[in-house]
Amino acid sequence: MFKTHFEHFLNRPESISDEREDVMITVEPKIVEPTREEITKIINSLKNNKSQGEDQITVELLKHGGKQMVNNVLKVIIVIWKIETMPEK
């Protein structure tokens, strides 16, 4: 019974696969890149007067850096987003 069932589905002519378009299915949902507005909102929500991290960048520097600072931070985040790994330096 199983043999007959699977033979029907597995032993199909090759021409069928030539006629259809291959579809890529993934379990990971497509998540869009962060936007400039999201980065600005996150930077503005950070608390002042906190110690800087390993990079020695303070929250105040990020907040007072203006649009150029947000653009630079966004560029770095987008690169990390696309390559899915943190840069060495």
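Quick caveat, the model's predicted, so the values are computed rather than measured. We're numbering straight along the sequence, starting at 1.
- You'll find the side chain of Val76 reaches within 4.5 Å of the side chain of Ile80, heavy atoms only.
- Closest approach of Ile43 and Lys63 over heavy atoms only: O-CE, 3.4 Å.
- In this structure, Glu37 CD and Leu74 CG are separated by 9.0 Å, a value rounded to the nearest 0.5 Å.
- The minimum heavy-atom distance linking Leu62 with Met69 is given by the pair O-CG, 3.8 Å.
- In the hydrophobic clustering of this structure, Met86 does not group with Val79; members are Ile, Leu, Val, Met, Phe, Trp, Tyr whose side-chain heavy atoms approach within less than 4.5 Å, directly or through other members.
- Taking the side chain as every heavy atom from C-beta outward, Gln52 and Ile57 never approach each other to under 4.5 Å.
- Both Leu46 and Val73 sit in one connected hydrophobic cluster of ILVMFWY residues. Membership requires side-chain heavy atoms under 4.5 Å apart, directly or through other members.
- For the pair Leu61 and Thr58, the minimum side-chain heavy-atom distance is below 4.5 Å.
- Distance CG/Asn72 to NZ/Lys75: 5.5 Å, rounded to 0.5 Å.
- Residues Lys82 and Ile78 form a side-chain contact, since some pair of their non-hydrogen atoms from C-beta on lies under 4.5 Å apart.
- The side-chain heavy atoms of Ile39 and Ile77, taken from C-beta on, include a pair separated by under 4.5 Å.
- Remark: Thr40 OG1 to Arg36 CZ distance equals 7.5 Å, nearest 0.5 Å.
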